[in-house]
Amino acid sequence: MCRRPPHASNPGACTPTLTHPHTCSHCRLAVSLKARRMGIARALTAHAVAAARAAGVRTMFLSTSTAQHAACTMYERDGWKVVSTKAVPVLDLRIVRFELQLKA
């Protein structure tokens, strides 16, 4: 969940949280249906992680839903850990919150 809007010069980038100076949220990543399974999401996420690391961020968070099965699988393969889930019964899915600990 973004606590601040993305910077106009870098939309969708890792956005610092207001409560913890060494954390950020990776927000609003979407790849068009025609461009999926080409490594675009992985490349964009890797770029955000590198930028966060360079900025001194220690922990990144992101949220997605279980409807985005391929995204959940990609995040887990790339070292993100599930830290919480929340049911959304009316939509028959769960919101999954991931965390990535960054190494210096």
Side-chain angles (χ1 to χ4, degrees):
M1 174 172 112
C2 286
R3 296 187 188 266
R4 282 190 211 167
H7 302 287
S9 63
N10 199 3
C14 185
T15 306
T17 63
L18 295 176
T19 54
H20 302 295
H22 297 288
T23 67
C24 73
S25 294
H26 184 42
C27 301
R28 295 180 186 89
L29 175 64
V31 176
S32 76
L33 290 173
K34 292 179 181 179
R36 290 186 184 171
R37 312 239 6 117
M38 296 179 177
I40 295 168
R42 179 167 275 129
L44 290 170
T45 301
H47 178 77
V49 168
R53 186 177 285 120
V57 170
R58 295 181 195 144
T59 307
M60 289 181 72
F61 293 96
L62 65 82
S63 296
T64 191
S65 77
T66 52
Q68 304 299 324
H69 179 72
C72 290
T73 300
M74 179 193 75
Y75 295 130
E76 288 175 331
R77 284 183 182 157
D78 289 349
W80 294 78
K81 305 294 182 202
V82 174
V83 292
S84 67
T85 62
K86 181 179 178 182
V88 184
V90 71
L91 298 175
D92 193 29
L93 55 77
R94 298 184 72 76
I95 301 299
V96 183
R97 184 156 170 85
F98 287 91
E99 172 186 279
L100 182 66
Q101 294 295 318
L102 304 182
K103 297 178 176 84

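Bear in mind the structure is a predicted one, so any value in this text is a computation, not a measurement.
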### Query
Side-chain heavy atoms under 4.5 angstrom apart, residues restricted to Ile, Leu, Val, Met, Phe, Trp, Tyr: same cluster for M74 and V82?
yes
### Query
How many angstroms lie between atom CD1 of I40 and atom CG of L29, to the nearest 0.5 angstrom?
10.0 Å
### Query
Heavy-atom distance under 4.5 Å between the side chains of Y75 and T45, does that happen here?
yes
### Task
Kindly compute the distance separating OG (S65) from NZ (K86), expressed to the nearest 0.5 Å.
13.5 Å
### Task
Hey, could you give me the CZ/CG distance between R42 and D78, rounded to the nearest 0.5 Å?
4.0 Å
### From H69 atom NE2 to L93 atom CG, the distance as rounded to the nearest 0.5 Å
14.0 Å
### Query
Nearest 0.5 Å, what's the OG-CD distance between S63 and E99?
11.5 Å
### Query
What closest approach, in Å, do M60 and A52 show between heavy atoms, and which atom pair accounts for it?
SD-CB, 3.8 Å
### Query
If only atom types and distance count, is the side chain of R97 paired as donor or acceptor with the main-chain N or O of F61 below 3.5 Å?
no
## Note on the structure
Note: R94 and A87 closest approach over all heavy atoms is NH1-CB, 3.3 Å
### Query
Do you know the tightest heavy-atom contact between T64 and F98?
CG2-CE1, 3.9 Å
#### Entry: Euclidean distance, T85 OG1 relative to I95 CD1, rounded to 0.5 Å
10.0 Å
